[in-house]
Amino acid sequence: MSARTSAFGAPSTSRSVRRATKPDLWKVAEVHTASFFPEEGFPLVKVRTLDRYWMLESAIADRTGRYVCLVAEADAQDVMQNQRFIAGCVNVDTVGGNLPLPKRTSDPVRTRSRLRRRQEKIAYVSNLAVDAAYRRQGLARMLMEEAEDTARGWDCDCLALHYDISNEAVAGLYRGLGYRMVGVEPQWNSYLYLRPNIRFGLMLKRIPRKTRKQ
């Protein structure tokens with residue numbers, strides 16, 4: 001896996017992306033909760049964070065290696081701390097649990113083949129989040145580019161993701177990276193993500209064959 005790095009001026013603003021390890025997961029869970037549920041206070045915010053932590057711990061324990069949590073590290077805002085800080089994160093997997101089911105056919109073998117191909121060839125990107133203090137510094141793009149590199153290493157054909165269709169800033173980021181919207185999920189699907197007030201759109205991006213890992 002590449003160690004994607006960037007620097008914006010002084011060394012105190014250096015950035016890098018790597019795979020998360022177990023000691024990172026509580027901070028990743030905190031970034032998730034603060035980004036996706038900013039209106040919630042104590043004690044619900046702690047419950048959300050603990051739930052996210054358990055989900056991440058279970059997912060990265062998958063021995064198949066087809067689920068990865070990526071983290072963006074940055075120098076602490078307080079230069080006196082002299083330490084690195086997890087400023088953003090994103091997940092990428094080929095589990096396929098959040099993708100629409102393939103169209104059923106009269107042949108069950110063919111239907112299973114479609115499902116297996118979807119799991120093997122479509123990488124799903126989820127939970128892109130950046131700490132509020134580090135936004136608008138290129139971290140989201142760095143994380144998405146590393147997620148694409150990960151999918152390419154798995155020899156996937158394309159990437160998929162869901163996004164809040166009312167968030168034009170996020171939509172613009174994804175379009176700039178080459179994603180295109182292919183549909184809007186039904187309203188009831190938002191309850192599965194525990195965010196009933198949001199409509200989710202589905203975006204896809206094909207990984208160019210000439211740049212996919214040989």
Side-chain angles (χ1 to χ4, degrees), residues 31-33 35-39 48 51-52 55-56 59 62 64 66-70 88-130 135 139-213:
V31 173
H32 279 181
T33 304
S35 297
F36 302 135
F37 306 99
E39 72 287 351
R48 294 278 194 195
D51 178 69
R52 293 268 166 169
M55 179 272 291
L56 288 162
D62 180 4
T64 66
R66 304 303 292 270
Y67 184 106
V68 171
C69 176
L70 302 171
C89 48
V90 70
N91 301 336
V92 57
D93 69 77
T94 57
V95 177
N98 292 307
L99 293 174
L101 291 173
K103 186 177 180 180
R104 290 185 176 275
T105 70
S106 58
D107 182 353
V109 174
R110 186 178 179 188
T111 298
R112 287 196 297 271
S113 176
R114 287 183 175 182
L115 179 60
R116 184 171 60 253
R117 185 179 186 280
R118 183 191 69 173
Q119 291 175 325
E120 293 175 350
K121 293 297 186 179
I122 302 178
Y124 183 72
V125 180
S126 62
N127 292 327
L128 174 66
V130 177
R135 291 173 186 167
L139 288 181
R141 178 175 287 272
M142 288 177 63
L143 285 161
M144 291 297 293
E145 289 173 349
E146 191 64 51
E148 183 171 332
D149 284 351
T150 299
R152 184 175 293 112
W154 292 340
D155 198 33
C156 291
D157 290 330
C158 64
L159 301 119
L161 58 83
H162 284 99
Y163 76 106
D164 177 0
I165 62 174
S166 69
N167 191 332
E168 184 55 36
V170 168
L173 168 68
Y174 295 148
R175 286 195 296 267
L177 290 167
Y179 289 82
R180 295 293 177 265
M181 190 170 81
V182 295
V184 177
E185 297 285 3
Q187 183 65 51
W188 61 263
N189 209 37
S190 298
Y191 287 88
L192 298 179
Y193 300 105
L194 303 179
R195 304 177 74 187
N197 297 323
I198 294 176
R199 291 295 300 276
F200 287 98
L202 177 65
M203 281 186 161
L204 295 178
K205 176 182 180 179
R206 182 165 294 279
I207 300 174
R209 185 173 299 276
K210 64 180 180 181
T211 61
R212 209 177 302 146
K213 183 177 179 180

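Please read all numbers here as calculations on a predicted model, not as lab measurements. In this chain, residues are counted from 1 in sequence order.
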Test item: [X] and [Y] side chains (from C-beta on) under 4.5 Å apart, heavy atoms:
X: Y163; Y: V125; value: no
X: Q187; Y: R199; value: yes
X: F36; Y: R52; value: yes
X: L177; Y: M203; value: no
X: L128; Y: L143; value: yes
X: V95; Y: R66; value: no

For [X] versus [Y], what's the shortest heavy-atom pair and its separation?
X: V90; Y: S126; answer: CG2-O, 3.4 Å
X: A123; Y: V92; answer: CB-CG2, 4.0 Å
X: A147; Y: L159; answer: O-CD2, 4.2 Å
X: V31; Y: C89; answer: CG1-SG, 4.0 Å
X: A160; Y: L204; answer: CB-CD2, 3.3 Å

Nearest 0.5 Å, what's the [atom1]-[atom2] distance between [X] and [Y]?
X: I207; Y: D157; atom1: CD1; atom2: CG; result: 7.5 Å
X: L161; Y: N127; atom1: CG; atom2: CG; result: 11.5 Å
X: L70; Y: E145; atom1: CG; atom2: CD; result: 12.0 Å
X: N167; Y: I198; atom1: CG; atom2: CD1; result: 8.5 Å
X: N197; Y: D164; atom1: CG; atom2: CG; result: 10.0 Å
X: H32; Y: N91; atom1: NE2; atom2: CG; result: 5.0 Å

Which pairs pass side-chain hydrogen bond (donor to acceptor under 3.5 Å, both in side chains) with one or both residues in residues 171-180, sequence neighbours excluded? E168-R175
Taking side chain to side chain donor-acceptor pair (under 3.5 Å) as the test, write out the residues that go with T33, two or more places apart. T49
T150, D155, D149 screened by side chain to side chain donor-acceptor pair (under 3.5 Å) with R152, the one that passes: D149
Using the test side-chain contact (heavy atoms from CB on, under 4.5 Å), find all partners of P38 that sit at least two apart in sequence or belong to another chain. none
So, the side chain of R135 versus the backbone of V130: is there a donor-acceptor pair under 3.5 Å, distance only? yes
